[in-house]
Novice: 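First the structure, which I've put down as structure tokens, then a few questions once you've had a look.
Convention: sequence-line order gives letters A, B, ...; per-chain numbering from 1.
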2 protein chains.
Amino acid sequence: MAKLASLKSEKRLLDRRAADQIRSHILEGVLPAGERLLETQLSEELEVSRGTVRSALAQLANEGLVKQVAFTRWEVSGASVSDAWEIYTLRGALEGLGARLAAANVQAADGKRLRAIAEELVQAVRQKRFQDAIGIDFDLHTAIVGLAHHKRLAEQHRFILQQVRFHMVQSGFLPDDYEALIAEHQKLIETVIAGDADHAETLARNHNEAEVKLLAKLLKQGASSAGAAREAAS
Amino acid sequence: MAKLASLKSEKRLLDRRAADQIRSHILEGVLPAGERLLETQLSEELEVSRGTVRSALAQLANEGLVKQVAFTRWEVSGASVSDAWEIYTLRGALEGLGARLAAANVQAADGKRLRAIAEELVQAVRQKRFQDAIGIDFDLHTAIVGLAHHKRLAEQHRFILQQVRFHMVQSGFLPDDYEALIAEHQKLIETVIAGDADHAETLARNHNEAEVKLLAKLLKQGASSAGAAREAAS
DNA sequence: CGCTTGCTGATTGCTGACAATCAAGCGACT
DNA sequence: AGTCGCTTGATTGTCAGCAATCAGCAAGCG
């Protein structure tokens with residue numbers, strides 16, 4: 001008998017699927033930072049009950065995409081400079097650990113897989129499919145972190161990358177030098193494949209160092225102005 | 001006018017308070033790893049509706065203390081070797097970042113506060129109040145991370161420390177050399193106070209290195225046997 | 001005797017209605 | 001004019017009941 005695909009992927013719990021819908025709207029920028037979310041409205045649009053929407057919003061709150069003000073409102077998280085600084089510094093720490101562990105137990109097949117994704121990235125840039133390139137960039141980092149075989153780390157990293165994506169959409173931030181980006185990634189994955197844990201960690205950590213320094217500077221200067229993002233009241 | 005305490009702390013949402021109750025039961029070891037949790041039973045004991053219990057359990061699931069098996073059951077998370085390894089490695093990365101940032105923007109008053117907590121730790125050990133000492137140990141680490149002024153980091157760190165505490169209760173693990181513990185902490189806080197970010201990060205990261213190495217070894221050897229903890233089926 | 005199949009009780013998932021809370025606007029009083 | 005207190009409409013928080021799903025067991029079949 002031919003192997004059948006599991007139906008569980010279809011049978012996702014309703015609240016999870018509701019969360020998926022709302023999440024994509026947020027990540028695509030349809031719902032901008034600070035936007036108020038009404039339980040009733042969402043429940044009508046998604047054709048589920050308010051309780052289900054509530055559960056979905058609670059999940060998104062844990063992922064950092066949504067914020068709850070008790071008894072008052074739900075709103076899409078802000079994209080302030082301090083938020084961005086938090087996101088990028090945390091990302092560095094998580095990906096540093098991920099790269100270290102990945103390098104420590106990398107297999108030959110893993111290396112092939114990483115190089116394949118890196119090649120996709122190169123192709124996307126060469127063909128000027130920059131949106132794709134950003135997605136592949138994320139995939140590459142996710143793949144490296146995946147090699148750590150660390151469930152908690154993988155989950156936290158997923159949430160952080162989501163927030164990075166969200167902040168990029170809100171602030172209109174885009175990489176300015178794709179060639180340098182490619183070079184950095186290639187160096188990172190080769191170091192991981194070589195099994196050099198210390199060096200891999202450093203590279204992963206410094207990957208966003210420029211961005212972090214810029215944000216820290218903005219923070220000290222006096223708070224607000226995150227690209228084109230409107231500041232949410234904190 | 002003297003500063004008044006917010007009343008919101010009393011007016012906590014019902015589901016938060018329900019989560020608090022269940023959480024303490026788990027952390028105190030009343031509910032052991034792998035124990036099944038029935039929504040109906042909990043709702044009767046806490047005198048709230050099942051929906052509220054459900055919301056509380058979802059929160060605890062995000063904190064890593066409880067696990068949901070869809071359509072089937074809720075259970076207290078396992079305390080396997082791999083869980084412990086994940087928890088301690090993540091802890092190292094988070095506290096490393098925390099210590100680095102703390103050292104970078106530490107103030108004189110912060111130093112006084114850290115030294116005061118360290119002194120409490122010393123007193124607790126001298127008076128052989130070892131349970132207190134463990135709590136103060138956690139407070140100290142929390143205080144350092146707090147100096148980073150990093151909300152996301154602080155929250156994640158809180159969750160990780162909870163899981164550390166849970167694992168300690170389940171496995172019966174206790175420090176064996178309190179004098180060494182004191183010395184390590186003192187060195188860490190003095191380095192933070194001195195503003196030596198690199199060194200502080202390294203110290204914070206290596207604080208649990210021995211435990212991590214032991215766990216990694218156990219993991220490679222062949223999975224199960226986390227102290228006296230019963231292994232939960234993963 | 002071993003395997004499949006269909007039931008059954010228990011448990012979780014979801015919904016609609018009710019209660020508590022909030023912010024905003026209006027009017028009275030100082 | 002400005003502040004306080006009330007009312008009101010909107011929104012979130014909580015509840016109790018119905019529907020969907022599952023693990024286990026017993027009957028049927030080879």
Novice: Which nucleotide, dC14(C), dT12(C), dC22(C), lies nearest any side-chain atom of T72(A)?
Specialist: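 Out of dC14(C), dT12(C), dC22(C), the nucleotide with an atom closest to T72(A)'s side chain is dC22(C).
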
Novice: So what does Q41(A) touch, heavy atoms closer than 4.0 Å: a base, only the sugar-phosphate, or nothing?
Specialist: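 Nothing, no heavy atom under 4.0 Å.
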
Novice: Is the shortest distance from a Lys or Arg side-chain nitrogen in R23(B) or D20(B) to a carboxylate oxygen in the other one below 4.0 Å?
Specialist: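 Here R23(B) pairs with D20(B) in a salt bridge, since their nearest N and O are under 4.0 Å apart.
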
Novice: Below the 4.0 Å mark, does dA10(D) have OP1 or OP2 next to a side-chain nitrogen or oxygen of T40(A)?
Specialist: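 For dA10(D), OP1/OP2 do not have a side-chain N/O of T40(A) under 4.0 Å.
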
Novice: Consider the side chain of W74(A), meaning its heavy atoms from C-beta on, and name the nucleotide among dC14(C), dC15(D), dT12(D) that approaches it most closely.
Specialist: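 My answer, after comparing the listed nucleotides, is dT12(D).
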
Novice: Would you kindly give the CG-to-C1' distance between L13(B) and dA19(C), to the nearest whole Å?
Specialist: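 In whole Å, dA19(C) C1' and L13(B) CG are 14 Å from each other.
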
Novice: In whole angstrom, give the distance that lies between atom CD of E75(B) and atom P of dT12(C).
Specialist: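 Roughly 11 Å, once rounded to whole Å.
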
Novice: Find the distance L37(B):CG to dT12(C):P and express it as a whole number of Å.
Specialist: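 Nearest whole value for this atom pair: 9 Å.
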
Novice: When you look at CZ of R113(A), are more than 12 heavy atoms from neighbouring residues, nucleotides or ligands closer to it than 6.0 Å?
Specialist: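 Open: at most 12 neighbouring heavy atoms sit under 6.0 Å from CZ of R113(A).
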
Novice: Specify the separation, in whole Å, of atom CD of E39(B) and atom P of dA19(D).
Specialist: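 Interatomic distance, CD of E39(B) to P of dA19(D): 18 Å.
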
Novice: Let's see if you can work this out: which of dT12(D), dC14(C), dT15(C) has an atom nearest to the side-chain heavy atoms of R50(A)?
Specialist: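 Nearest nucleotide to the side chain: dT12(D).
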
Novice: Got a salt bridge between K151(B) and D83(A), using NZ or NE/NH1/NH2 to carboxylate O under 4.0 Å?
Specialist: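 No, no charged N to carboxylate O under 4.0 Å.
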
Novice: Taking for each residue the nucleotide of DNA chain C with the nearest heavy atom, is it V69(A) or E47(A) whose nucleotide lies nearer the 5' end?
Specialist: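 Whichever sits nearer the 5' end wins; that is E47(A).
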
Novice: Nearest to the D15(A) side chain among dC14(C), dC18(C), dT12(C), which nucleotide is it?
Specialist: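 Nearest to the side chain of D15(A) among the choices is dC14(C).
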
Novice: Whole angstroms only, please: what is the CG-P distance between L14(B) and dT21(C)?
Specialist: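 From L14(B) CG to dT21(C) P: 11 Å.
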
Novice: Starting the side chain at C-beta, find the nucleotide from dT11(C), dT12(D), dT14(D) nearest to R36(B).
Specialist: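 Nearest listed nucleotide: dT11(C).
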
Novice: Provide, to the nearest angstrom, the distance between the CZ atom belonging to R16(B) and the C1' atom belonging to dT14(D).
Specialist: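 In whole Å, dT14(D) C1' lies 14 Å from R16(B) CZ.
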
Novice: Check every strand shown and say whether L57(A) touches a base, only sugar-phosphate, or nothing at a heavy-atom separation below 4.0 Å.
Specialist: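 If one applies the 4.0 Å heavy-atom cut-off, L57(A) turns out to touch nothing in the nucleic acid.
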
Novice: Roughly how many Å is it from CZ in F71(A) to P in dC22(C), rounded to a whole number?
Specialist: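 These atoms are roughly 6 Å apart.
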
Novice: For the side chain of L38(B), counting heavy atoms from C-beta on, which of dT11(D), dT15(C), dT12(C) is nearest?
Specialist: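 Between dT11(D), dT15(C), dT12(C), the one nearest the side chain of L38(B) would be dT12(C).
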
Novice: Is it true that E95(B) and H141(B) share a donor-acceptor pair across their side chains at a distance under 3.5 Å?
Specialist: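 E95(B) and H141(B) do have a side-chain donor-acceptor pair below 3.5 Å.
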
Novice: Can you establish whether the number of heavy atoms outside H25(B) located under 6.0 Å from its atom NE2 is more than 12?
Specialist: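 No, not enclosed.
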
